[in-house]
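Just so we're clear, the structure is a prediction, and the values are computed from it rather than from any experiment. Within every chain, numbering begins at 1; the chains are lettered A, B, ... in the order of the sequence lines, protein sequences first and strands thereafter.
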Amino acid sequence: MTVKVRFAPSPTGFLHIGGVRTALFNWLYARHAGGEFHLRIENTDTSREVAEATEQIKESLAWLGLDWDGPVTFQLERSERCQVEARRLLAEGKAYEDEGAIRIRMPDEGVTGWDDAVRGPVEVPSEELEDLIILRSDGRPTYNFASPLEDWLDGITHVIRGDDHVSNTPKQIRVLEALGAEIPVYAHVGNVLGTDGKKLSKRHGAVGVDEFRREGYLPEALVNYLALLGWSYDDKTTIMSREELVERFTIERVAGSSATFDYEKLEWMNGVYLRALGEDAYAAALTTFLGEQGLGWDAELARRTVPIVHEKLVKLGRYPEYAGFFFHDVTLDAKLLDRKTLEAAGGVLAELDPFETEAIEQALRLLPESLGLKPRQAFQSIRVAVTGSNVSPALFESIELLGREKTLERLRTAAALAGD
RNA sequence: GCCCCCAUCGACUAGCGGCCUAGGUCACAGCCCUUUCAAGGCUGCAGCGCGGGUUCGAAUCCCGCUGGGGGCACCA
């Protein structure tokens with residue numbers, strides 16, 4: 001039997017990080033099993049649909065590399081089929097009319113249960129199940145009717161979804177039974193919580209995929225991080241490529257408990273991925289990112305800064321503040337400047353030939369002692385003058401890249417500002 | 001209120017009755033390296049929610065409690 005799973009978001013807004021995690025688990029499971037991963041838009045409730053949402057969801061998944069099989073399907077397109085099936089249930093006496101709507105009969109004794117692939121057996125007393133409305137009086141199907149019906153139509157074998165659906169599952173199982181459909185395997189994954197311990201949702205702690213993209217996270221890092229949120233391979237492995245994740249992912253190792261999203265770990269992991277990139281790949285990622293930011297910065301110059309920023313940034317979004325001084329003028333804090341040092345540095349660098357890192361370093365290394373300063377103090381002053389900050393990429397390399405003219409100009413400006 | 005789910009360091013987790021003096025990663029602290037910041041190396045801090053059982057033996061099994069989460073719509 002071919003594994004078929006689906007990710008079924010409702011198009012009411014952007015794809016948030018909890019939803020992505022669900023999509024990822026489905027995708028990993030499908031790819032691991034050599035099965036199919038379907039994308040289904042559950043737009044039963046037209047009133048809440050957001051026009052751009054579907055496109056945005058597709059874009060987010062594509063950016064993350066979660067490709068889906070077959071066409072994207074829309075729940076709305078199957079509403080006629082829903083009506084046909086509802087009438088059939090009516091005719092079979094499994095459903096009845098109620099003020100224009102159609103309700104399905106639920107058993108009122110015994111239990112309704114299933115063997116959840118992550119939680120094990122779950123049982124709900126059937127008396128808790130109301131005869132739920134499957135067709136509204138205006139003829140539109142409700143979610144708990146349309147969703148399982150579509151699972152049936154699409155031959156979905158495994159339903160992997162968030163914890164918040166456990167209470168829907170018994171209802172959907174009864175719908176499926178009435179329909180005469182096979183019951184898929186259900187796997188309920190623990191929810192993703194915000195730092196406040198509340199479930200992440202569009203209304204709460206909203207974190208869309210595009211936000212991570214704008215901040216300069218790499219999709220590979222996000223995927224790796226998310227995979228570890230509720231799943232683990234063993235007791236040691238943390239960094240795993242997409243291929244390794246696919247190869248290793250199993251539902252048995254998915255946790256049923258909810259997990260808190262941790263930005264700091266994500267940042268660390270993103271740094272790991274960034275550092276693992278070769279210089280060309282890094283340059284490509286950086287210039288693409290900068291382009292998306294719309295800053296209009298010189299891509300060639302950005303490319304040349306790669307060697308000195310490569311190991312330093314934990315996410316590309318830090319680049320503008322860290323290396324922006326290459327592209328625009330700096331503002332200085334006079335308190336951090338020492339006039340004598342700056343003038344001496346200017347003097348030394350003015351005549352230097354060639355104006356290259358090694359020569360620059362040799363020349364500047366001589367300064368501290370002659371000024372009676374510690375290297376640390378002298379270099380910090382120069383660093384601030386040239387880069388505008390006491391945190392910057394390597395100083396001598398930066399000076400070479402900036403060029404003699406700009407360096408001297410900044411040194412002069414800073415010296416004037418320093419006073420005595 | 002009722003129903004369901006969950007419960008190991010601050011966070012993510014490993015653990016599926018003896019291998020646990022509870023392991024790994026992030027974060028945090030200290031040290032080393034060092035022109036800043038990172039990175040890297042080393043060391044450290046820190047946890048089985050509580051109470052009963054079962055067993056020769058419990059983080060692991062059972063029950064209760066507590067806590068957290070989710071759900072109870074002609075929303076999805």
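- In this structure, Arg253(A) forms no cation-pi arrangement with Phe249(A), as its terminal cationic atom is not both closer than 6.0 Å to the ring centre and no more than 45° off the ring axis.
- Ring geometry, Trp114(A) versus Tyr186(A): the interplanar angle exceeds 60°, so the pair is classed perpendicular (tilted spans 30 to 60°).
- For Ser167(A) against rC3(B), a side-chain-to-base donor-acceptor contact under 3.5 Å is absent.
- Counting non-hydrogen atoms of neighbouring residues, nucleotides and ligands closer than 6.0 angstrom, the CG atom of Asp115(A) exceeds 12 such neighbours.
- A donor-acceptor contact under 3.5 Å is not formed by the side chain of Asn43(A) with the base of rA76(B).
- Taking atom CE of Met240(A) as the reference point, atom P of rC26(B) lies 14 Å away to the nearest angstrom.
- The nucleotide whose nearest atom lies closest to any side-chain atom of Lys312(A) is, among rC37(B), rC26(B), rC5(B), rC37(B).
- OP1 or OP2 of rG69(B) has not a single side-chain nitrogen or oxygen of Arg119(A) nearer than 4.0 Å.
- With RNA chain B read from its 5' end, the first of the two nearest nucleotides for Arg365(A) and Tyr143(A) is the one closest to Arg365(A).
- Using the Watson-Crick or G-U wobble rule with both distances under 3.5 Å, rA38(B) pairs with nothing in any strand shown.
- Taking the side chain of Arg136(A) as heavy atoms from C-beta on, and the options rC2(B), rG10(B), rC75(B), the nearest nucleotide is rC75(B).
- Separating the P atom of rG70(B) from that of rG52(B) is a span of 32 Å, rounded to the nearest Å.
- For Tyr225(A) and rC12(B), a side-chain-to-base donor-acceptor distance below 3.5 Å is absent, hydrogens and geometry of angles not being considered.
- Rounded to whole Å, the C1' atom of rC33(B) lies 23 Å from the corresponding atom of rC26(B).
- Not one side-chain nitrogen or oxygen of Thr238(A) sits closer than 4.0 Å to the OP1 or OP2 atom of rG24(B).
- Judged by distance alone, the side chain of Asn43(A) and the main-chain N or O of Pro11(A) form no donor-acceptor pair under 3.5 Å.
- Separating the P atom of rA11(B) from that of rA46(B) is a span of 16 Å, rounded to the nearest Å.
- Look at the P atom in both rC9(B) and rG23(B): the space between them is 14 Å, to the nearest Å.
- Atom C1' of rC74(B) sits at a distance of 45 Å from the matching atom of rC16(B), rounded to the whole Å.
- Comparing the same atom, C1', in rC12(B) and in rG18(B) gives a spacing of 28 Å after rounding to whole Å.
- Annotation: rU54(B) and rU60(B) have their C1' atoms spaced 13 Å apart (nearest Å).
- Residue order along RNA chain B, read from the 5' end via each residue's closest nucleotide, puts Ala259(A) first among Glu264(A) and Ala259(A).
- In this entry the distance linking OH of Tyr233(A) with P of rU13(B) reads 18 Å, nearest Å.
- Comparing rG30(B) with rU66(B), their C1' atoms sit 38 Å apart, to the nearest whole Å.
- For rU35(B), the base has no donor-acceptor partner in the side chain of Arg376(A) [N/O atoms by modelled type, under 3.5 angstrom].
- Across all strands shown, rC72(B) forms a Watson-Crick or G-U wobble pair with rG1(B), both key distances being under 3.5 Å.
- In this structure, the side chain of Asn390(A) does not engage the main chain of Val384(A) through any donor-acceptor pair within 3.5 Å.
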